[in-house]
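First the structure, in the form of structure tokens, and then the observations on it.
Note on naming: letters A, B, ... go to the chains in the order of the sequence lines (proteins, then strands), and numbering restarts at 1 for each one.
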Amino acid sequence: NAGVMQNPRHLVRRRGQEARLRCSPVKGHSHVYWYRQLPEEGLKFMVYLQKENIIDESGMPKERFSAEFPKEGPSILRIQQVVRGDSAAYFCASSQDLQETQYFGPGTRLLVL
Amino acid sequence: GIQVEQSPPDLILQEGANSTLRCNFSDSVNNLQWFHQNPWGQLINLFYIPSGTKQNGRLSATTVATERYSLLYISSSQTTDSGVYFCAVASGGSYIPTFGRGTSLIVHP
């Protein structure tokens, strides 16, 4: 899928710990999107970023969740003080432009014990 | 926001059969994509199709934007077609897609 990389692929955390999910977009793509997928459901939009800017975070919970896309390095989705309800697959996608096709990474499966 | 409904929710086929998956949406469309999520969870782009018809091998898709639906056709299905097929639609002033709940397809040998 055009080279979007996510790591780790699987992450296990205990309640109260922090989870950091990384996403490297396709080379040359400056638009990054994060989605969450609960079991048996479709993907739900969380946040849209361009380099160094959050453009739309309307789908991201106001507390404990944050995202960044620095000038250098991958995009990071950070979840503080994780709870069991945060267990899900988190997908990152990138595109060359807002109106272009989004290419998805393999996802990070987060399990909170 | 836009409502995206996919049908059928589940589909079981014998290898070699043809099928049609449907995606209805409630608003005008800016962009529409079809994805296949394989049994390992990987999301694979199938089509970017806000309007018109496209074909790629055994798969084709048609979007009729004026009537607010899109169809995905799978011909001569194979076991590797198994998985969940998602339709994702962006509308209004947004290019952020809303995903349907998917059609879960099982193809038996």
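- In this structure, chain B has a heavy atom under 4.5 Å from the side chain of A:Q37, while its backbone stays farther away.
- No single ILVMFWY cluster, assembled from side-chain heavy atoms under 4.5 Å apart, contains both B:L46 and B:F99.
- With rounding to the nearest 0.5 angstrom, the CZ atom of B:R101 is 12.5 Å from the CG atom of A:L43.
- Remark: A:Y35 OH to B:I96 CD1 distance equals 5.5 Å, nearest 0.5 Å.
- Nearest heavy-atom pair, A:R109 versus B:W40, reported as atom, atom and distance to 0.1 Å: NH2-O, 3.8 Å.
- Residue B:Q6: no heavy atom, backbone or side chain, is found under 4.5 Å from chain A.
- Atom CD of A:Q81 is surrounded by 12 or fewer heavy atoms from other residues, nucleotides or ligands within 6.0 Å.
- At most 12 heavy atoms of other shown residues, nucleotides or ligands fall within 6.0 angstrom of atom CD in A:E63.
- Hydrophobic clustering places A:W34 together with A:L11 (ILVMFWY residues linked when any side-chain heavy atoms are closer than 4.5 Å, directly or through intermediates).
- Here CZ of B:F35 is found 9.5 Å from OH of A:Y103. Values are rounded to the nearest 0.5 Å.
- Here A:P106 is the residue among A:P106, A:A93, A:A89 with the most heavy-atom pairs under 4.5 Å with chain B.
- Each of B:P97, B:S104, B:G102 has some count of heavy-atom pairs under 4.5 Å with chain A, and the biggest count is that of B:P97.
- Within 6.0 Å of the CD atom in A:E41, the count of heavy atoms belonging to other residues, nucleotides or ligands exceeds 12.
- Note that OG of B:S94 and CZ of A:F45 are 7.5 Å apart. Values are rounded to the nearest 0.5 Å.
- The two residues A:F104 and B:N45 make their nearest non-hydrogen contact at N-OD1, 4.3 Å.
- Linking Ile, Leu, Val, Met, Phe, Trp and Tyr whenever their side-chain heavy atoms come within less than 4.5 Å puts B:I74 and B:I49 in one cluster.
- Follow the hydrophobic side-chain contacts under 4.5 Å out from A:M60 and you reach A:L49 in the same cluster.
- Cluster membership for A:Y90 and A:Y48, using ILVMFWY side-chain heavy atoms within less than 4.5 angstrom, is not shared.
- Interatomic distance, CD of A:Q102 versus OH of B:Y48, reported as 9.5 Å (0.5 Å rounding).
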